Undergrad: 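Before anything else, here's the structure in question.
Naming convention: chains lettered A, B, ... in sequence-line order (proteins, then strands); numbering from 1 in each chain. Just so you know, these numbers come straight off a predicted model, no measurement behind them. In what follows, every heavy atom counts, from backbone to side chain, and hydrogens, waters and symmetry copies are set aside.
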There are 2 protein chains.
Amino acid sequence: MNRVSIKDVALQAKVSIATVSNVVNGKGRVSAQTARKVQDVIEQLQYYPSQSARNLKDKQSYMIAVVVPYLKEAKLYDNPFYWKLIVGIEEGAKHKRFQVMLMDVNDDESFAFVQERHLDGMVVVGTFHNEPVLERISAIQKPVVFLDSYLEHPYLHQLLIDDEQGGYLGAKHLIELGHRQIGIMCGLLVNGGVHAARLKGVHTAMKEAGLPLDSLQIFEVHTSAETGRFLAHRINDQFPQLTATFSFSDIGAVGLIRGFHDKKVSVPADMSVIGFDDMHYVEYMNPALTTIRQDVHMKGKLAVEMLMEMIDHPSVEARQIRLPVELITRESAGPCSRA
Amino acid sequence: MNRVSIKDVALQAKVSIATVSNVVNGKGRVSAQTARKVQDVIEQLQYYPSQSARNLKDKQSYMIAVVVPYLKEAKLYDNPFYWKLIVGIEEGAKHKRFQVMLMDVNDDESFAFVQERHLDGMVVVGTFHNEPVLERISAIQKPVVFLDSYLEHPYLHQLLIDDEQGGYLGAKHLIELGHRQIGIMCGLLVNGGVHAARLKGVHTAMKEAGLPLDSLQIFEVHTSAETGRFLAHRINDQFPQLTATFSFSDIGAVGLIRGFHDKKVSVPADMSVIGFDDMHYVEYMNPALTTIRQDVHMKGKLAVEMLMEMIDHPSVEARQIRLPVELITRESAGPCSRA
DNA sequence: CTGAAAGCGCTTACAG
DNA sequence: CTGAAAGCGCTTACAG
């Protein structure tokens with residue numbers, strides 16, 4: 001396919017391949033005249049330099065990978081979050097003339113592709129909880145930015161949001177509205193994970209208000225709309241004392257609201273609901289969702305920026321950057337009717 | 001970085017690089033014993049063959065690109081559709097041991113990267129309306145599958161859904177519910193585009209029912225929730241005769257429903273709404289959205305399959321595959337109150 | 001079964 | 001300013 005090579009251009013332009021290389025890369029000294037001539041031939045022959053050959057010399061690919069664990073899990077599958085993130089990453093990469101590869105990898109899969117393709121770095125999304133994976137990632141000795149991964153290694157470059165503050169803001173809002181008996185819909189509370197951090201923030205808000213932590217009802221469930229709907233039914237049947245539910249994901253909140261509606265529980269009159277993320281469509285729901293906003297697109301762009309910095313300056317100091325979150329007050333959380 | 005090369009392995013294992021190559025690729029005849037020895041050294045040295053070098057020989061990269069036009073447009077930006085599609089593609093590609101690159105390209109941008117990186121093919125999502133782009137894509141002489149692109153070239157490999165049938169099913173449902181004055185929220189009706197096809201289906205349903213086409217009110221607007229909300233307000237104020245609105249996207253329908261709610265127009269009692277796509281969350285909305293379902297994940301997987309077939313058999317005949325759609329009846333469309 | 005050698009398409013000192 | 005040559009890390013006939 002890619003028939004025309006640097007040789008063809010050199011031949012046709014009556015110069016050496018070194019000269020062609022120079023004009024292609026704008027390096028070395030080339031007279032305006034020969035440059036011109038070479039350019040013409042390149043144009044005429046439709047010459048495209050082979051990145052593969054370049055990579056072989058440079059040991060650089062101008063490509064980064066975005067690694068997402070377990071694409072098959074429905075959780076990721078239906079989560080608009082990831083698309084927004086990837087778009088942010090692609091945008092940032094493009095700006096730096098890098099291209100991006102998408103990979104989903106399982107806990108036990110190899111990261112050999114990073115070496116094989118001479119990737120310049122990668123952005124790893126979400127937590128790989130088991131240490132072996134982490135070690136394998138570190139072992140490849142390439143620039144890596146970890147997104148939303150609570151890892152306790154100060155030498156790792158991490159980008160997270162202020163999950164604790166998010167939990168705090170949501171809980172505080174509910175408390176200020178008079179709620180005392182609050183349900184929490186969260187995913188698995190693994191040691192120092194995203195949801196554990198959010199819960200910690202909730203605890204802080206409770207303590208600040210002088211409320212006992214055991215008036216909190218924790219539901220450690222799968223993060224999905226399906227689960228939220230089912231949980232709402234369960235709360236209605238078995239936990240009548242609850243007047244508010246804080247879901248650590250918008251998608252869960254969407255399910256909750258629907259589930260309460262199924263049971264004729266009015267949101268927010270009878271039950272307040274708060275979500276987390278501020279996905280674009282929750283503003284248009286009925287009731288519009290009160291939630292904790294994080295700027296996912298910015299997260300993607302910032303991740304690339306961090307990565308590029310590491311690529312340009314391999315010895316740059318590791319940073320743990322934490323993006324702010326914000327309470328977005330809409331309609332789904334209101335005053336406690338049983339205050 | 002990638003220090004260890006085939007030479008190092010050869011040296012350490014006391015064989016030639018040809019032999020190493022053979023055991024790595026399982027080609028040629030190698031004695032079990034040497035194979036074993038080489039394997040050990042590979043393991044020990046942590047040797048990863050360089051894809052770049054391989055590509056240089058093979059002119060193959062085992063990588064395909066997913067090309068999405070205009071990532072910056074909010075339309076794509078907030079559309080979960082694309083993520084689901086990409087996941088489907090990645091899954092299919094992985095199955096064939098291919099990796100995927102993500103690119104957004106503008107109408108006037110170059111497709112040089114396909115040649116430069118020796119990509120094995122690409123999936124192009126959405127229509128590039130102007131012919132020059134299409135010509136440039138064709139000019140690169142690589143396997144390409146066009147997704148949702150209405151292109152009138154029988155030699156192009158295309159994968160679409162049955163848009164016309166989708167429009168037909170939605171309209172027919174509304175007509176059966178007694179609606180006569182129907183609004184259509186669609187995007188730009190470019191010559192032979194996706195939305196034009198859907199509209200054509202709507203027309204068919206109207207004609208079948210003996211209804212005049214001018215009782216249809218077409219709103220050619222931007223595809224977004226924001227626009228839907230605004231449009232609902234406008235319909236309420238200026239088009240009181242309408243009793244149903246068919247949006248050619250779920251995201252538009254979400255906005256519509258919210259907009260009608262703003263104006264105290266009850267859906268479906270006073271106004272029926274139908275969407276298109278069946279994004280996962282619309283089932284949980286209140287009211288749950290009646291919509292036309294397409295299987296986006298399947299679409300992604302099928303696209304790769306078509307592409308792989310082209311890669312394996314370059315002369316395979318071009319096909320235009322059209323995936324079926326399905327009416328999903330939920331709550332947002334009901335009997336016409338003014339029938 | 002195994003190895004020496006050419007060549008893929010570039011880039012990069014090094015001469016001139 | 002320009003070119004000859006080496007080398008990046010592989011694969012692939014071709015000998016043996």
Undergrad: Less than 4.0 angstrom between a side-chain N/O of Lys59(B) and OP1 or OP2 of dG9(C), yes or no?
TA: yes
Undergrad: Is the shortest side-chain N/O distance from Lys27(B) to OP1 or OP2 of dT12(D) below 4.0 Å?
TA: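 The answer is yes; a side-chain N or O of Lys27(B) sits under 4.0 Å from OP1 or OP2.
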Undergrad: Are any of Ser52(A)'s side-chain N or O atoms less than 4.0 Å away from OP1 or OP2 of dC10(C)?
TA: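 Answer no for this pair, as no side-chain N or O of Ser52(A) is under 4.0 Å from OP1 or OP2.
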Undergrad: Please confirm whether the shortest side-chain N or O distance from Tyr47(B) to OP1 or OP2 of dC10(D) is below 4.0 Å.
TA: yes
Undergrad: Could you give the CD1-to-P distance, from Ile42(B) to dG9(D), as a whole number of Å?
TA: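 About 16 Å, once rounded to whole Å.
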Undergrad: Let me spell it out: for each of Thr34(A) and Ile17(A), pick the nucleotide of DNA chain D with the closest heavy atom. Which residue's pick is nearer the 5' end?
TA: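 So the residue in question is Thr34(A).
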Undergrad: Would you mind telling me which of Leu45(B), Ile42(B), Val41(B) makes a side-chain contact (heavy atoms from CB on, under 4.5 Å) with Asp8(B)?
TA: Leu45(B)
Undergrad: Identify, between Lys7(A) and Asn22(B), the residue whose nearest nucleotide on DNA chain C lies closer to the 5' end.
TA: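 Looking at DNA chain C, the more 5' nearest nucleotide goes with Asn22(B).
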Undergrad: Would you say Glu91(B)'s side chain and Gly300(B)'s backbone share a donor-acceptor pair under 3.5 angstrom?
TA: no
Undergrad: Please classify the nucleic acid contact of Ser21(B) as base, sugar-phosphate, or nothing, using heavy-atom distances under 4.0 Å.
TA: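 Contact class for Ser21(B): base.
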Undergrad: Rounding to an integer number of Å, can you tell me how far Leu11(B) CG sits from dA4(C) C1'?
TA: 15 Å
Undergrad: With a 4.0 Å cutoff (strictly under), does any side-chain N or O of Thr19(B) reach OP1 or OP2 of dG3(C)?
TA: yes
Undergrad: When you check the phosphate oxygens OP1 and OP2 of dG9(D), does a side-chain N or O of Lys57(A) lie under 4.0 Å from one of them?
TA: no
Undergrad: Counting C-beta onward and ignoring hydrogens, is there a side-chain heavy-atom pair between Gln158(A) and Tyr150(A) closer than 4.5 Å?
TA: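 No, every pair of side-chain atoms sits at 4.5 Å or beyond.
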Undergrad: Are Ser50(A) and dC10(C) close enough that a side-chain N or O sits under 4.0 Å from OP1 or OP2?
TA: no
Undergrad: Starting at OH of Tyr48(A) and ending at C1' of dG9(C), how long is that distance when rounded to a whole Å?
TA: 17 Å
Undergrad: Step by step, would you call Lys94(B) with Glu109(A) a salt bridge (Lys or Arg N to Asp or Glu O under 4.0 Å)?
TA: CA-CA 12 Å; Lys94(B) 181 163 200 164; Glu109(A) 243 176 318; 2.9 Å; yes
Undergrad: Please determine if a side-chain N or O atom of Ser16(B) lies less than 4.0 Å away from the OP1 or OP2 oxygen of dA4(C).
TA: no
Undergrad: How many whole angstroms separate atom CD of Gln60(A) from atom C1' of dG9(D)?
TA: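 Atom-to-atom, Gln60(A) to dG9(D), this comes out as 17 Å.
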Undergrad: Could you tell me whether the phosphate oxygens of dT11(C), OP1 or OP2, come under 4.0 Å of any side-chain nitrogen or oxygen in Asn25(A)?
TA: yes
Undergrad: Rounding to a whole Å, what distance do you find between Tyr62(A):OH and dT11(C):P?
TA: 10 Å
Undergrad: Counting side-chain heavy atoms from CB outward, which of dC1(D), dG9(D), dT11(D) is closest to Asp58(B)?
TA: dT11(D)
Undergrad: Please identify which of these residues, Leu85(B), Val124(B), Leu302(B), meets the side-chain contact (heavy atoms from CB on, under 4.5 Å) condition with Leu147(B).
TA: Leu85(B)
Undergrad: So what's dA4(D) paired with, Watson-Crick or G-U wobble, going by both distances under 3.5 Å?
TA: none
Undergrad: Side chain of Pro49(A) only, heavy atoms from C-beta on: which candidate in dC8(D), dC10(C), dC8(C) is closest?
TA: dC10(C)
Undergrad: Is Arg54(B) near enough to dT11(D) that one of its side-chain N or O atoms lies under 4.0 angstrom from OP1 or OP2?
TA: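 For Arg54(B), the contact criterion (side-chain N or O under 4.0 Å from OP1 or OP2 of dT11(D)) is met.
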Undergrad: Whole angstrom is fine here: how far is it from NE2 in His118(A) over to C1' in dG9(D)?
TA: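 Rounded to whole Å, this separation is 8 Å.
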Undergrad: Could you check whether Val15(A) gets within reach of a base, just the sugar-phosphate, or nothing at all, counting any heavy atom under 4.0 Å?
TA: sugar-phosphate
Undergrad: Does the side chain of Gln60(B) come under 3.5 Å of the side chain of Arg54(B) through a donor N or O and an acceptor N or O?
TA: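 There is no such pair (donor and acceptor under 3.5 Å, judged by atom type) between the side chains of Gln60(B) and Arg54(B).
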Undergrad: Could you tell me the separation between the CD1 atom of Ile6(B) and the C1' atom of dT11(D), rounded to a whole number of Å?
TA: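 Interatomic distance, CD1 of Ile6(B) to C1' of dT11(D): 8 Å.
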Undergrad: Atom NZ of Lys37(A) and atom C1' of dG3(D): how far apart are they, to the nearest Å?
TA: 13 Å
